[in-house]
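Quick notes on the structure that follows.
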Amino acid sequence: MTASKSPVIVDLRFHPDQVREGLRRAFPGREVINRADPANAGRDLSGIHYAVLWKPQADLFERAKDLKVLFSGGAGVDHVLTLPGLPDIPLVRFVDHTLTTRMSEWVVMQCLMHLRQHLTYVRQQDEKVWTQLTQPEAADVTVGIMGMGVLGSDAARKLKVMGFNVIGWSRSGKASVEGVDMYGADRLDEFLGRTDILVGLLPLTAETRNIFDADLFRKLRRDGALGGPVFINAGRGGSQVEADLVQSLTDGTLKAASLDVFETEPLPADSPFWSMENVIVTPHVAADSDVGALFAHVERQIERFEAGEPLEHVVNRGTGY
Ligand code: NDP
Ligand code: OXD
């Protein structure tokens, strides 16, 4: 460690083996304090300027009093913004093509599974039934994406390549994806009325908490080619009202759903979602952070910061994303 290079605190409560492995190559010339390592339990954290965190140990901010920049281990920052004692310093979120690509793969896969009636064919296979269903085309289906930021915009582009009609909704109503009609916050009902497959890629904020409720599901297009609207959520579980979702999936307001995120994670064993025939559950894996890519992104941002250049992907504390 040289005097001019502040160490980095790594306080990531995920993939401990990948973190250890990633740290063998990361942050050359800089000391790293991995808080998952018991040898670092009593370490003095004063004088350290940087921390990379995801659900960190409760005493991080009490002990690391000289932090200058925080780096979220994921793209979402709701878990950081609610931490007790969070210092008023820049918070950088994780933006990287590895994460973006993974999310688009998951979204496109889910849209295709619903388009191609995969849940029905899996059930037919279980029952050894050979029945060929009428097959709509992607061009007959409109996917509406709520949250047209880094992830929503990339998913929109890739869904277009697959032939879907794609529309987007965001706070500003601005995004630059060719061929995608955009709707601002005040045009939600119009957007929902065109949507056959609703994709949630919103951050969790005070405004987006509980936004996906029965009232919203009732406004989705009902006479589309899929025979009923489908809901796909990979944003945050806090945006969906799960009692309404179960009811809507039971009474036919929604035909089906794909859920990667939940109000409570891990999803409790008694959640009805586990056994609903029209629901696909994945365990918050739509776009896992690649640990090597995360550390490379943090290194780049620290270099910029130390060179006096502006940090990228800084969270706006006012809007919460
Ligand atoms: P961005 O910040 O790039 O985009 C957020 C989008 O949401 C923007 O289009 C923004 O609108 C819109 N938005 C925010 N608040 C509102 C609101 N109140 N009303 C309408 N639109 C709103 O985020 P990312 O695309 O990078 O990530 C989105 C979320 O995906 C993350 O916050 C995280 O929760 C989730 N995520 C989930 C993962 C998983 O594995 N399941 C992995 C990674 C992320 P505008 O464009 O006008 O600012
Ligand atoms: C993220 C996530 O925010 O994994 O990156 O959910």
Side-chain angles (χ1 to χ4, degrees), residues 12-15 18 52-55 71-82 91-107 109-110 144-158 166-177 180 182-192 198-212 216 232-240 257-263 265-267 280-291 293-294 297-298 312-321:
L12 294 167
R13 205 177 308 173
F14 60 44
H15 308 314
Q18 287 179 37
V52 192
L53 61 150
W54 183 262
K55 301 184 179 161
F71 298 93
S72 168
V77 290
D78 46 295
H79 69 104
V80 180
L81 293 176
T82 50
L91 167 62
V92 174
R93 63 194 202 91
F94 183 35
V95 176
D96 188 75
H97 71 94
T98 53
L99 191 135
T100 307
T101 301
R102 282 175 190 168
M103 180 58 84
S104 293
E105 287 168 359
W106 187 89
V107 170
M109 174 177 75
Q110 299 304 329
I145 303 179
M146 288 177 71
M148 283 291 287
V150 175
L151 302 181
S153 297
D154 191 69
R157 267 181 224 108
K158 289 168 183 168
V166 184
I167 58 177
W169 180 82
S170 71
R171 222 155 60 94
S172 61
K174 293 195 187 110
S176 52
V177 186
V180 171
M182 282 298 300
Y183 294 80
D186 56 337
R187 294 175 66 207
L188 180 59
D189 288 6
E190 212 182 318
F191 162 88
L192 294 171
L198 177 64
V199 175
L201 280 173
L202 286 166
L204 181 62
T205 67
E207 287 179 10
T208 64
R209 183 171 291 285
N210 294 339
I211 193 169
F212 300 118
L216 180 145
I232 294 177
N233 194 12
R236 281 291 181 267
S239 293
Q240 67 204 15
S258 294
L259 306 172
D260 185 60
V261 289
F262 300 90
E263 282 174 359
E265 295 180 9
L267 184 63
I280 296 171
V281 168
T282 55
H284 201 139
V285 289
D288 231 358
S289 293
D290 177 290
V291 173
L294 169 65
H297 144 89
V298 173
E312 297 168 308
H313 317 303
V314 176
V315 173
N316 177 331
R317 298 276 184 112
T319 57
Y321 66 97

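As the structure lists them, so they are numbered: ligands from 1, and atoms in each ligand from 1.
In this structure, atom 2 (C) of ligand 2 lies nearest to the protein heavy atom His284 NE2, 3.5 Å. Nearest protein heavy-atom contact of atom 15 (N) of ligand 1 is Tyr321 CE2, 3.5 Å. Counting only heavy atoms of the protein, atom 33 (C) of ligand 1 lies nearest to Arg236 NH1, 3.5 Å. With respect to atom 31 (C) of ligand 1, the closest heavy atom belonging to the protein is Gly76 CA, 3.8 Å. Considering only non-hydrogen protein atoms, atom 22 (C) of ligand 1 sits nearest to Leu202 CD2, 3.6 Å.
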- [ ] Evaluate the side-chain contact (heavy atoms from CB on, under 4.5 Å) criterion for residues His313 and Val150: first the C-alpha distance (whole Å), next the side-chain angles of each, then the deciding distance (0.1 Å), finally the verdict.
- [x] CA-CA 10 Å; His313 317 303; Val150 175; 5.9 Å; no
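A donor-acceptor pair under 3.5 Å is absent between the side-chain atoms of Trp169 and the main chain of Ile145, judged by distance alone.
Counting heavy atoms closer than 4.0 Å to ligand 1, residue Val150 contributes atoms from both its backbone and its side chain. The proximity of Asp260 to ligand 1, defined as any non-hydrogen pair under 4.0 Å, is limited to the side chain. At a heavy-atom distance under 4.0 Å, no atom of Thr319 approaches ligand 1.
Here the side chains of His79 and Ser72 are in contact, with some heavy-atom distance below 4.5 Å. Side-chain atoms of Val281 and Phe262, non-hydrogen and from C-beta on, do get closer than 4.5 Å to each other. Counting only heavy atoms from C-beta outward, the side chains of Asp96 and Leu294 never approach each other to under 4.5 Å. The shortest side-chain heavy-atom distance between Thr208 and Arg236 does not fall under the 4.5 Å cut-off. Within the 4.5 Å cutoff, the side chain of Gln110 has no heavy atoms near those of the Asp260 side chain. Counting heavy atoms from C-beta outward, Arg93 and Tyr321 have side chains that stay 4.5 Å or more apart. Annotation: side chain of Leu151 is not in contact with side chain of Val107 (no heavy-atom distance under 4.5 Å). Counting heavy atoms from C-beta outward, Ser289 and Leu99 have side chains that approach closer than 4.5 Å.
Below 3.5 Å of separation, one finds no N or O of Gly173 facing any N or O of ligand 1. Looking at Met148 next to ligand 1, an N or O pair under 3.5 Å apart turns up. For ligand 2, the polar-atom distance check against Trp54 finds no nitrogen or oxygen pair separated by under 3.5 Å. At under 3.5 Å, a nitrogen or oxygen of Arg171, whether backbone or side chain, sits near a nitrogen or oxygen of ligand 1. Annotation: Gly76 places an N or O atom under 3.5 Å from an N or O atom of ligand 2; distance criterion only. The N/O atoms of Asp288, backbone and side chain alike, include none that comes under 3.5 Å of an N/O atom in ligand 1. Ligand 2 has no nitrogen or oxygen under 3.5 angstrom from a nitrogen or oxygen of Leu99. Annotation: Val77 places no N or O atom under 3.5 Å from an N or O atom of ligand 1; distance criterion only. Of the polar atoms of Ala287, at least one N or O is found under 3.5 Å from an N or O of ligand 1, judged by distance alone. Backbone and side-chain nitrogen or oxygen atoms of Lys174 are examined, and none is located within less than 3.5 angstrom of a nitrogen or oxygen of ligand 1.
Separating the OG atom in Ser104 from the CE atom in Met109 is a distance of 12.0 Å, to the nearest 0.5 Å. The CZ atom of Arg102 lies 13.5 Å from the CG atom of Asp154; values are rounded to the nearest 0.5 Å. With rounding to the nearest 0.5 angstrom, the NE2 atom of His15 is 3.5 Å from the CG atom of Asp288.
For the side chain to side chain contact (heavy atoms under 4.5 Å, CB included) with Met148, the qualifying choice from Leu201, Leu202, Val180 is Val180, the only one to do so. Each of Thr205, Leu204, Val315 was compared with Val77 under the side chain to side chain contact (heavy atoms under 4.5 Å, CB included) criterion, and only Val315 meets it.
Residue Val261 has at least one heavy-atom neighbour below 4.0 Å for each of these atoms of ligand 1: 41 (N). Heavy-atom contacts of Met103 reach the following atoms of ligand 1: 37 (C), 38 (C), 39 (C), 41 (N), 42 (C) (cutoff under 4.0 Å). Every atom of ligand 2 is numbered from 1 in the order shown, and the set under 4.0 Å from a heavy atom of Arg236 is 1 (C), 2 (C), 3 (O), 6 (O). The atoms of ligand 2 that sit less than 4.0 Å from any heavy atom of Ala75 are 1 (C), 3 (O), 5 (O). Per-residue contacts place Ser172 under 4.0 angstrom from the following atoms of ligand 1 (heavy atoms of the residue considered): 45 (P), 46 (O), 47 (O). Below 4.0 Å from some heavy atom of His284 lie the following atoms of ligand 1, by number and element: 39 (C), 40 (O), 41 (N). Close approach of ligand 1 to Ala75 (heavy-atom distance below 4.0 Å) involves ligand atoms 43 (C), 44 (C). Close approach of ligand 1 to Leu201 is summarised as follows: ligand atoms under 4.0 Å from at least one heavy atom of the residue are 28 (C). Listed by number with element, the atoms of ligand 1 under 4.0 angstrom from any heavy atom of Glu207 are 17 (C), 18 (N).
A 6.0 Å sphere centred on CZ of Arg209 holds no more than 12 heavy atoms belonging to other residues, nucleotides or ligands.
In this structure, Thr205 falls outside the shell of residues with a heavy atom less than 4.0 angstrom from ligand 1. Taking a 4.0 Å cut-off on heavy atoms, Arg93 registers as neighbouring ligand 1. At least one heavy atom of Gly235 sits closer than 4.0 Å to an atom of ligand 1. At least one heavy atom of Ala234 sits closer than 4.0 Å to an atom of ligand 1. At least one heavy atom of Trp169 sits less than 4.0 Å from an atom of ligand 1.
Nearest to atom 7 (O) of ligand 1 by heavy atom, out of Pro203, Ser72, Gly149, Ser289, is Pro203. Heavy-atom proximity to atom 30 (O) of ligand 1, evaluated over Thr282, Val285, Asn316, Leu151, is greatest for Leu151.
Across all their heavy atoms, Trp106 and Ala234 have their closest contact at CZ3-CB, 3.6 Å. Nearest heavy atoms, Ser170 versus Met182: OG-CE, 3.5 Å. When all heavy atoms of Ile211 and Glu207 are compared, the pair lying nearest together is CD1-O, 4.5 Å.
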